[in-house]
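Whatever order the structure lists them in is the order used to number ligands and atoms, beginning at 1. All values reported here derive from a predicted model rather than from experimental measurement. By convention here, the first residue in the shown sequence is residue 1.
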Amino acid sequence: MDSPSKIALVTGASSGIGAATALALGQLGYHLILCGRRSERLQALAAELPVPSQVLCFDVADLAAATQAWEALPAHWQRIDVLVNNAGNAHGLGPIHQGALADWDAMIDSNVRGLLYLTRLVSPGMVERRSGHIVNIGSIAGRQAYANGAVYCATKSAVAMLSDGMRIDLNPHGIKVTNIEPGMVETEFSLVRFKGDENRAAAVYKGLQPLAAQDVADTIAWILQRPAHVMVGEVLLLPTAQASATVVNRAI
Ligand code: 8X3
């Protein structure tokens with residue numbers, strides 16, 4: 001009998017890195033669980049996939065909704081081989097003494113709590129089956145703080161430390177954990193950070209070629225294709241024009 005297809009669950013799949021990753025994994029033959037808040041986009045993505053998929057519409061920061069969606073999945077869809085904790089965003093950019101509390105809460109909720117909730121739901125099955133791979137989407141911002149980004153940077157630093165801790169806890173169970181730390185990626189990221197201000201968002205990438213979501217998706221696909229004994233623990237993925245969180249060559 002053929003071995004069953006592998007299943008990947010991707011959060012934040014309605015756009016950007018999440019959508020590109022779902023497509024890349026679909027091309028590798030993974031069956032996909034697409035999670036996000038925007039149902040129409042998820043349905044459109046599901047229609048593009050060459051593989052069976054499930055659409056789960058919920059906010060990762062809403063534990064009750066996440067649990068309900070998870071429990072409603074048919075049992076065979078709960079056998080997740082790959083969890084991509086991608087959902088997350090930056091909200092606002094400003095000095096700590098002027099920070100908007102609602103923005104802080106939103107970042108902590110999606111970037112940290114959401115990642116934890118999904119990991120808590122999915123990882124017990126991985127442990128039971130002694131197999132699985134958790135891919136967290138961190139950021140260069142988790143390594144280096146930059147002006148006006150303290151809370152966003154702190155949430156991504158949490159993702160780095162959580163990834164390390166998860167790797168240790170799941171080590172006895174044969175589960176891989178990867179933290180991908182991209183630099184500048186042109187997605188809706190800056191548009192969300194600047195609350196829809198297209199000019200400010202475009203200025204972030206002016207004069208340089210940022211990464212595309214596809215570049216991150218290609219990297220995840222490559223990591224997942226390594227042999228069973230190889231675990232890529234972390235990857236700092238940058239546009240060539242970016243040397244650090246703040247050193248960027250805009251001379252192109
Ligand atoms: C996104 C990268 O440098 O804008 O996480 O924080 S950065």
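In this structure, atom 7 (S) of ligand 1 lies nearest to the protein heavy atom Tyr146 OH, 3.7 Å. Among all non-hydrogen protein atoms, the one lying nearest atom 4 (O) of ligand 1 is Phe189 CE2, 3.6 Å.
Close contacts between ligand 1 and Tyr152 involve ligand atoms 1 (C), 5 (O), 6 (O) [criterion: under 4.0 Å to a heavy atom]. Under a 4.0 Å criterion applied to the non-hydrogen atoms of Ser139, ligand 1 contributes the atoms 1 (C), 2 (C), 5 (O), 6 (O). Residue contact check: Ala141 has heavy atoms under 4.0 Å from atoms 6 (O) of ligand 1. In the vicinity of Gly183, heavy-atom distances shorter than 4.0 Å reach the ligand 1 atoms 1 (C), 2 (C).
The side chain to side chain donor-acceptor pair (under 3.5 Å) test with Asn85 is passed by exactly one of Asn111, Thr11, Asn136: Asn136.
With a heavy-atom cut-off of 4.0 Å, Ile140 touches ligand 1 through its side chain alone.
To the nearest 0.5 angstrom, Asn171 atom CG is 13.0 Å from Lys176 atom NZ.
Aromatic pair Phe194/Phe189: centroids not less than 6.0 angstrom apart.
In this structure, the side chains of Met184 and Gln209 stay at 4.5 Å or more apart for every pair of heavy atoms. Within the 4.5 Å cutoff, side-chain heavy atoms of Lys195 are placed close to those of Asp103.
The closest donor-acceptor contact from the side chain of Ser244 to the backbone of Val247 lies under 3.5 Å.
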